[in-house]
Structure formats: C-alpha cells, structure tokens
Protein chains: 4
Amino acid sequence: MAPVFSSGPAAGGPRSLSKILDAARDVLSAQGYPALTIEAVAAAAGVGKSTIYRWWPSKEALVADALAEIFRAEEIPDLGDTHAELRHAVDMTIDNYANEDMATSLPALAGGLLPHPELMTRFREAFLYRKRENIAAALRRGIQRGDLPHDLDIDLVQDIWAGTILYRRLMTGAPLGTDLAEHLVQLVTDTPPLLPTKKQECAQ
Amino acid sequence: MAPVFSSGPAAGGPRSLSKILDAARDVLSAQGYPALTIEAVAAAAGVGKSTIYRWWPSKEALVADALAEIFRAEEIPDLGDTHAELRHAVDMTIDNYANEDMATSLPALAGGLLPHPELMTRFREAFLYRKRENIAAALRRGIQRGDLPHDLDIDLVQDIWAGTILYRRLMTGAPLGTDLAEHLVQLVTDTPPLLPTKKQECAQ
Amino acid sequence: MAPVFSSGPAAGGPRSLSKILDAARDVLSAQGYPALTIEAVAAAAGVGKSTIYRWWPSKEALVADALAEIFRAEEIPDLGDTHAELRHAVDMTIDNYANEDMATSLPALAGGLLPHPELMTRFREAFLYRKRENIAAALRRGIQRGDLPHDLDIDLVQDIWAGTILYRRLMTGAPLGTDLAEHLVQLVTDTPPLLPTKKQECAQ
Amino acid sequence: MAPVFSSGPAAGGPRSLSKILDAARDVLSAQGYPALTIEAVAAAAGVGKSTIYRWWPSKEALVADALAEIFRAEEIPDLGDTHAELRHAVDMTIDNYANEDMATSLPALAGGLLPHPELMTRFREAFLYRKRENIAAALRRGIQRGDLPHDLDIDLVQDIWAGTILYRRLMTGAPLGTDLAEHLVQLVTDTPPLLPTKKQECAQ
DNA sequence: TAGTAACCGAGACGGTACGTCAAGTCTTGCA
DNA sequence: TGCAAGACTTGACGTACCGTCTCGGTTACTA
C-alpha cells in the first residue's frame, strides 16, 4: 500500500520511506503518541530530520501513514452465513481498535485534522472508506439473502459499530470481548425493523 | 462545580481560578486546541504562568476542567413519557459533542490521558459518570414503566449513543440531525429484545 | 562596562550575562570565529540557547560584546613626552590586534555589519570612538606642546595607524614588532609637514 | 587568469567554470557575502552542486577566485613622473576596495583563511603579491629617479596604503576621495626621511 | 561512426545549526 | 511572607545548507 499522506513524487518512492514508517510505529508503541516527535522518529530510523520532512508535511501525516499500514481493511469473505460474516466485520473493527497505538492515536489524529479539510479527506480515505466498503458488501449480501431488512441504513450500522467500539476503548475503558461483538451483530440481525430505513432518514 | 483536575487546596480556591478557566475557554474557542498553550491562557487571563501551574499540573488538566464547565450533565426531568425522556438524553449528548471544542479536544484529551490511569479516572468522573447516572435514571424509569426490557444493558446503551455521536462528529463528519437522535432512541424503544441483557453480557 | 549590543533591559541585567560572554570568548579562542555557533556558546556557558537569544539579537552582536570586553581603550597618561605618549597609543593598538581572536573576528564582524547601519554605528561606538578619543587627546597635547603640526589631521593619523597594524595582522602576516611601532610614531613626529592639514582635506 | 583556488586538473578546465564564477559574483553583488551559499550559486549558474564541489573545495575558495577576477593588479605604466605613478598605484588600490563586495568579503575571507596557512598563502598570491610587485616596480623607479629615499621600506609603504584604505572602507566608513589618495602619496614623496629604511627595520 | 569516458544536471541523503516557541521550574520583588 | 511576574533550562519545532552520494543523460574524444 502506497503512503497516502506522503507528498512525495508519485509512488514507489525513496529508499528510506519504509524504514521511516517502521521507526514511527516503533516509537509509537514504545513511547506513545505525545512522545512521537519527528526528531525521535528520525533518530530511531537512523535518518536525518529533513528526510522525513521531505516526504511528509507534518507529524500527523506521518503517523497517519504509519497507522494505515497496520489498519485492517480486507474484504469479508462470502461465507453464505450472514451472521458469521457480520461477526467477522465486527471482529475486524475491534481488532483495529484493540491496538493501543491505534486507539490513542486515531482520535488525536482526527481531532488534529478536523480543521484541515483536505487532510481530513485523505484521512477518511485511508481509515474509513476502504474498510467500510468491504463491510457494506457483506451487509448487502445479508439484505439480498433476506436476512436483513431491505432498507437497512448501512452507514449508520457502521457508525454504530465503530463508534461504540472506539468509545469503549477510549473513554469508558469497558472490555471489547466476544460479548460486545455478538451484541453489536445482533443489533442488526435480530429483529425487524431494528434499524430505520434510509428513506426515513432522507425524509428528515 | 469545583474543578476536578485542579490540585489546589480543598476547593473554593483562589480568586483567579475562574478567571483562568474563562480565559482557557476563550482561547479554545478562538484559536483551537493546538493553540491553547499555558502561556496564551496566562496572557489572556492577565495572570502569571506560575499561577496556573500552582493549580493545575498540566495543560490537559486545565483543558479538562475548562471543558467540564460547559459539559451538559444535568438531570433528565421525569416527563412520564419514556420516549421523550430518552430523546432528551440523546439530544443532550449531541449537544455536548456538537460543540467544536468538545469534539476535537475530548478525544485528544482522552488519548493523552490513557497512559495515566489516575488522571483517566478523574476524567471519566468529570465527563462520563455524572452524565451517565442521570441518563441511567431515565432508562430505569422506562424499565419500571414497562417501556423498556427489564434486562436492558444500560451501560451498553449509553456507549452506543455517545460512541455513535462522537464517531460521526469526529471521524465520518456525518450530520448530527434530529434523524440520528430519533434512530438512536428507537434502537432502544422499538422492539424486544432489542438489546441484550446484562446477565448475558456478564456471562461473557 | 555594560554590553553595547545586548538588547536587554537597561543594564546590570540578568545573572547569566557575563557567564555567556566568558563562554563566547572561550569558544572564540578555542575554535575560532567560524566555529562560534550560538549552540556552542550555549553549551559552553551551561545555558539554554534562548537565554542567549533573549539578550543578543545575533551571533554578531554577541561576539561584538565579547570582544568589546577585552578591547583596550584606556586613557593615555600625560607623560609630558609626546613621543612616549604616541608610542603608548600605538602599542595599545598593536596590543588590541595582536590578539588572534580580535584580528580574525573584527574584520569578519565589520564586514557582516556593513549592511546594517544601525548595528555598525554601535560597533564603531564600541571599538573605535572610545579608543580614538583617548588617542586624539594625546595627539592634541603634542600639538599644544609644539611637537606636532598644528593642522595635523588627527583622524587620518589614527586611520593610518590602526589600518596598517590590522592589515599586517590580517593580510600580509608581517610582524607587529617594536620596529613597526616606532615607524608609525615617526610618521607623525619626524618632520613637518608630514601629514596634511585638515583644511586641505576639507578643501578636497 | 586561471583560478587560483580551484583544485581542478591543471587548467583550461571544464566548460562551466566561468559560468560558475560569474554566478558567484552575481550572487555576491545581489545578496551579499553571507547569503552566498553553494546552493545559491549552483542555482544561479544553472549547475548542479556537485559540479561546484568538483572544482572548489569550499565556499571560501570559490569566492576568492570570483573576487580575484575583478581585482585590479595591472602594471603601473612608466610615466616618467614619480608622483603620477604613485597616484596611479593608490588609485588602483582604492578602486579595489571601493567595491562593496571586495570590502566586505575580503576581510571575512582573510579571517576565515588565517587558520589555514596553505590556503592563506594562495590567498596572498592572488590578492597581494601580484599587485604589490607592480607597485613596487613603480616605487623602485621613483628611487632610481632620486624622487624617493634610496632606503625606502617598500613593503611598509604598501601596508600603509592598503591598510589605511581598507580600514576606512571597512571600519570608520570615512570617504575614499581624491584627498585621501593625495595624502597617501605625499606621505612618501614629500620629505626625507619620511619612512625609515629597511635596514633599520631589519635591525629590529 | 560508434563507443566510451569524463563531465554534467538533478536532487536524495545524513547531518548541523539556525532562530522560534512553549513547557515546566526557579528566583526575585512587591504587597 | 506568600503570590505574581518573568527569567531560566530544556527540548522540539520546521528551515536552510552543508558536503557526499548516486543516478541518468549529454558531450566530445578516441578507435
């Protein structure tokens, strides 16, 4: 996966790029997000500061690329079993946020990027849309099978899932066990008309 | 409300305390979280830096107290109407996160406090438990009225509500309209057995 | 002597001022002018960089103050002997430039200050006028005694003296022995009308 | 005139050599000595940095060569008139130092080269000896004509001339008018025994 | 006329120092 | 004598150049 935030020429890119991303993750894990300074990453990567600044405009962009590399966003395999597929989707999301670096860095990152719409767009590209599309595919399969209501609000489902998981991880500190995963899946699968239709939403 | 993070002697505290909190909020609104420096607050409050350091151990603690003052956590009045009360609860939560300062600062704050359990506890005190207790009371009234399942997982409901709202505000940027509020309420009120019981969760 | 280039409040000033000037001279002697970096001085003085920047606007100003402290500019005592007094004056000048730091730093400094008239004025204040006034007094005593032509161009004499000495030190590398001193004195004392009158000069 | 400081193979040299020297002078005139960086010269010359480093070991060497090309050191024509010839010599020296680049760069250069005897030698070669020999020839003609004392210290005369001019240009800022030129010439021509003999000096 | 080697442009690289800023601590002077 | 002002050390910021280096590409000389 090519770096999303690097401002470098096209892609493939310079020889020290991956060395730097590795170092960034190392520092992140060892010292935490606030201690992640460009100088620390440069030192850990055995690289000059300017080499980092040549390829990333800011600490935020660098961390975003470093996290993007460990962010799971793969396709949900078609198992023929809607419940199992959704459970897979939720587990993947939990996996992403169970990682300490991800949990503490992502919100800080997002907060820092909010005032920079252009970067925020790239951020959503890297951390939301790719994963969401795959999960949406699984949800659509469930609808086609008749297991889910045909007018399910797919985006809202995902906001609820990811939001609840991240909130627990970050704010309440409540456990992210199998229980939670199951509950989140059942929120969608158990009963009609669990979640409102898109039409209703649009009629707002 | 006495400052939660101030390390000062008992409470009541010195005459410049509220002046400082006001200044902190002013700077936050005017310049945003990254520009909120102790020096800027000191200057805005017409106070020496050391005066701030006397009462708060860090910028995080100061911001936390400043935000806590504008964080809505009042009691939900007993309206005799479960749906209306829950809607009130959700609206209050949306209100809290609609505020730009709150949305960008809270996650950064929480992320920064995660490695400091002691401060994290105080943080949850100020921003979660007070509000949650009031909402929990409303939910319990709904259960007693028979409008909600008797084994509703009250904490999970609140995680879902707050998580979804914060996630939309911070990550996806999706709107926090009346539609969302209504959906979140219906998630609880519409159907048995919408949300699993606590027992199930504990049996995890 | 209060620092001339320090931009600090009045004088007397902060507790680390002289520590810094001492360190600057140490670095100058040990490593030379090009190696004199603010960071090196800060390290040698056991002081933060910003402490230096608080009091001096630039490396040039700092070096100027450091050199000013070792620059001899005392009064020429009235010996009743014109030749001896002038010899004293020339010896003092040679003394100033015999110092390696002074010889290599002063011209570089002056070159660097040429484009900044305001600083150049302060520079001349510190390194020329104080010394020149004392020497001028000696020359005027010589004129009153009848030992020197009454229309001697006092400024030109001093330009010749200092210029020749500095040029030898910096460019040709020729020795600054007693011979040179004596020659420079004799240039003025030996014969009428050795040096032109001021009137002639003004008539230019 | 072949570059004195270039470390290139023999001479004649590569096609971009003069383009680089021209660019160096341009930058020097436009931005001044401190702003003359290798990168700036490379950019101005439309040349890669390494091309400059291939031919000159340092910025100092490059500037020295650039200045050497505009340094006047031609022969003094035999006019049969000692006073006129010396005046020619002094005017030539004034010309050299009246140039702003020369005045500010030469002292800085010389100061920087002082600790490097090998480079200092080459520097004197380029900026002193060539010119001095021509002026010395004029002085010797004056001695042969009987216009100047037979034991005139030729080196001292030149130190006085160049030193005074450079000192005025660099330090005092006093004007370098025709008056000064005339005074400097008269210093030598007016009276015996204006300047001491070499023998006396050597007996020091 | 082609092959080859020196020379060149471009610019990435590991570094050093810049001058600025804010953090958090320590000192001083006033009330 | 206790607090406000602010000088202090520290350390990261992001920038500018340093001098080294690897890349292709282009001259221009040899074979």
Side-chain angles (χ1 to χ4, degrees), chain A residues 8-9 13-17 19-20 34-43 45-59 62, chain B residues 8-9 14-16 19-20 34-43 45-62, chain C residues 8-9 13-17 19-20 34-43 45-59 62, chain D residues 8-9 13-17 19-20 34-43 45-59 62:
Chain A
R15 44 194 188 281
S16 40
L17 220 153
K19 202 170 41 166
I20 291 170
L36 185 139
T37 65
I38 296 284
E39 295 202 336
V41 174
V47 137
K49 264 200 300 180
S50 40
T51 302
I52 297 183
Y53 281 111
R54 199 186 330 275
W55 300 109
W56 290 275
S58 67
K59 159 179 163 171
L62 171 61
Chain B
R15 48 198 184 284
S16 41
K19 200 170 43 166
I20 291 169
L36 185 141
T37 65
I38 296 285
E39 296 196 334
V41 174
V47 139
K49 271 202 298 180
S50 42
T51 306
I52 296 183
Y53 279 109
R54 190 177 345 274
W55 300 107
W56 289 274
S58 68
K59 159 179 162 170
E60 281 72 33
L62 171 60
Chain C
R15 43 194 188 283
S16 42
L17 221 152
K19 202 169 41 165
I20 291 169
L36 185 140
T37 65
I38 297 284
E39 296 202 335
V41 174
V47 139
K49 264 200 301 180
S50 40
T51 304
I52 297 183
Y53 281 110
R54 200 190 326 278
W55 301 110
W56 289 274
S58 67
K59 160 178 162 170
L62 171 60
Chain D
R15 43 194 190 281
S16 42
L17 222 154
K19 201 168 45 165
I20 291 170
L36 186 139
T37 65
I38 296 285
E39 295 199 337
V41 174
V47 138
K49 270 201 297 179
S50 40
T51 303
I52 297 183
Y53 280 110
R54 192 178 345 267
W55 300 107
W56 289 274
S58 69
K59 159 179 161 169
L62 172 60

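Note on naming: letters A, B, ... go to the chains in the order of the sequence lines (proteins, then strands), and numbering restarts at 1 for each one. This structure is a prediction, so every number in the text was calculated from the model and none was measured.
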B:S58 (side chain) donor-acceptor with B:A61 (main chain) under 3.5 angstrom:
yes

Could you give the CG-to-C1' distance, from A:L62 to F:dG14, as a whole number of Å?
14 Å

D:W55 side chain near E:dA6 phosphate (N/O to OP1/OP2, under 4.0 Å)
no

Just to confirm, is there a sub-4.0 Å distance from OP1 or OP2 of E:dG14 to any side-chain nitrogen or oxygen of A:T51?
yes

Run the salt bridge (charged side-chain N to carboxylate O under 4.0 Å, His left out) test against C:K49 and tell me which residues pass, sequence neighbours left out.
C:E39

What one-letter contact string describes nucleotides 17-24 of chain E from 5' to 3', where B marks a base within less than 4.0 Å of any protein heavy atom, S marks contact via sugar-phosphate atoms alone, and - marks no contact?
BBBBBBBB

Protein-nucleotide distance (D:I52, atom CD1; F:dT20, atom C1'), rounded to Å:
15 Å

Atom of C:I52, atom of C:V41 and distance for their closest heavy-atom approach:
CD1-CG1, 3.7 Å

With D:T51, which residues qualify under side chain to side chain contact (heavy atoms under 4.5 Å, CB included), at least two apart?
D:S16, D:I20, D:V47, D:R54, D:W55

N/O (side chain, C:R54) to phosphate O (OP1/OP2, F:dA7) under 4.0 Å:
no

Can a side chain N or O of A:K19 be found less than 4.0 Å away from OP1 or OP2 on E:dG14?
yes

Heavy-atom closest contact (B:A35 atom, B:A40 atom, distance)
O-CB, 4.2 Å

What are the atom names and distances for every N/O pair under 3.5 Å that joins the protein to nucleotides 25-28 of chain F?
none

Separation of atom CH2 in B:W56 from atom P in E:dT25, rounded to whole Å:
16 Å

In Å and rounded to the nearest 0.5 Å, what is the NZ to CD1 distance from B:K59 to B:I38?
8.0 Å

